[in-house]
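Notes follow once the structure below has been shown.
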Amino acid sequence: MKKVLANREIDVNEEGYLVDFKQWDREICECIADECNIVMTEKHWEVIEYIHEKHKNEEPLSIRGIKKSGVINIKEFYNLFPGGPLKKATLIAGIPKPKSCI
Amino acid sequence: MKNLVILGAGTSGTMMANHLISKLPKREWNITIVDQFKTHYYQPGFLFLPFDIYTTKQVKKKGEKFIPKGVNYIQKKIELIKPDENKVQLEGDAQLDYDILIVATGTKIAPSEIEGMDGPMWYKNIFDFYTYEGAKALRNKLREWEGGKLVVHITEMPIKCPVAPLEFAFLADSFFKNKSMRDKVDITYVTPLGGAFTKPKATEALHHLLEEKGIKEVTDFNIERVDYENNKIVDYADTEVEYDLLVTVPTNMGDELIERSGMGDDLNYVPTNKATLQTNDYENIFAIGDATNLPASKAGSVAHFEAEILTDNILRYIKGEPLKAEFDGHANCFIETGNGKALLIDFNYTHEPVEGTFPFPGVGPLKLLKESRMNHMGKMAFRWIYWNMLIKGIHIPFVSTNMTTKGKKLEKINN
Ligand SMILES: Cc1cc2nc3c(=O)[nH]c(=O)nc-3n(C[C@H](O)[C@H](O)[C@H](O)COP(=O)(O)OP(=O)(O)OC[C@H]3O[C@@H](n4cnc5c(N)ncnc54)[C@H](O)[C@@H]3O)c2cc1C
């Protein structure tokens, strides 16, 4: 599916997740965040960076992982990305929705 | 003489001992297996014990019965693996040397990971059914429970046998119906996942069943703590679910031994090659079953498929041949749905559970993703197959190690 974000055509799946990470940048990120009613702050960017790092290393994301991330604690994570923080944060970070592989 | 040591005599370790004893030349290899318990538990039976469907006798047997002659069986706690010295340290001062090591120490519940879970109400109105003790204590509770809010809960993924909590909810529905007290019991299924199961196709079918049985679903619930004083579980978003009886599947973790030996990930699982079953860090150490970090279901059926490939790979390793990268994540699970019926799902790393027939394409007799009495018979027969074939390493007829795609309506998982 195509979607227009920041005046550009972006490929997304039916849930709105980016299909091609190469199309992601800070501008796109802010547009998606805006759609989720989230205003990006310094702390949000730190989390996005952490998520990208994990994604690059093919390490699965989990709530437990957030606890050990050293970036934020779980409570803060929920405050930054209210309502399903892992799903929201990955949507905004432009990577696939975390799936439980089992 | 060379030494092959197997750590853990559960489903996987016992199967490996049975496979290898006939394959390794006796004049060259000693095989040793170590476990802390004398008892071999039939863990799938822990699902039925709380409902008085199985007796305690049906779920445990002496481990010794299943270890083949010629294998050295040690009943001791394993303290430490020293991978750089090729040694294993047991309780007391005993040490074992190995040329090849197989880690099969499984996974177990860790209720203390969540505040308030194994506090003063543990086994009073908070239970697990993943241990023999938990399942038995819950049976005693259910015999006299007069009803109220029953919450069936998963703490975090991954857990072994990811369908077991759903089956528990379905069986609870039947159990209370049979006791003519279903109207006094409110059943809620609480999960950290976005739906009833980890795979979308199966989730749809299972969601429908939950609805049909009047079981409520609370999804995306990441538990923060159990408020045992006020009988409720609370998640990080401050959502609360009240209970009178909480049946939870606590965090599952590999044994502390793995952590002590510095060989595990966050959850004490051993990083393992998902196709060859060789550990990532040590070429003479292999891992199988629930102890690995494989992105496959932690289930006896999966371990059974793994065992056939691991046996081949151990022989190849000994001969200095390249390992077969063949394990495809094949899982094959019956899902008890209550009232003498069950579903069957069959999937692997890349294919979702689908509709179709099993094991014979187009014939069955088992139906995938559809409730039937035949599937239930299959599940019940599994106990016999387990004790008499599976852990003895006897190949189960008609069921192939790698998933077959024939007779199935297939859909590939898109990543
Ligand atoms: C409620 C429930 C229902 C299930 N239903 C099904 C089902 O329907 N179908 C299915 O296929 N699977 C099912 N399973 C899963 C199945 O039982 C497991 O996946 C299987 O037993 C895994 O085998 P394993 O050998 O890897 O681990 P285990 O069988 O758990 O064996 C591990 C062994 O290692 C030993 N060990 C660990 N640490 C140490 C140490 N430090 N020292 C000494 N010994 C140690 C333990 O004592 C244990 O005997 C179910 C599990 C549960 C709990």
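Per chain, numbering begins at 1; letters A, B, ... match sequence-line order.
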dist B:Thr155:OG1 -> A:Ile63:CD1 (nearest 0.5 Å) comes out at 13.5 Å

Gap between atom CG of B:Asp266 and atom NZ of A:Lys68 - 0.5 Å precision: 4.0 Å

Distance-minimising heavy-atom pair for B:Asp235 and A:Lys75: O-NZ, 4.4 Å

Side chain, backbone, both or neither: which part of A:Lys97 has a heavy atom under 4.5 Å from chain B? neither

Residue part contacting chain A, namely of B:Thr251, when any heavy atom lies under 4.5 Å: side chain

Mind checking the OH-CG spacing from A:Tyr78 to B:Asp238? Nearest 0.5 Å is all I need. 10.0 Å

Heavy atom to heavy atom, less than 4.5 Å: which residues from residues 2-22 of chain A reach chain B? none

Got more than 12 heavy atoms from elsewhere within 6.0 Å of CD, B:Glu115? no

Just wondering, are more than 12 heavy atoms of other shown residues or ligands nearer than 6.0 Å to CD in A:Glu46? yes

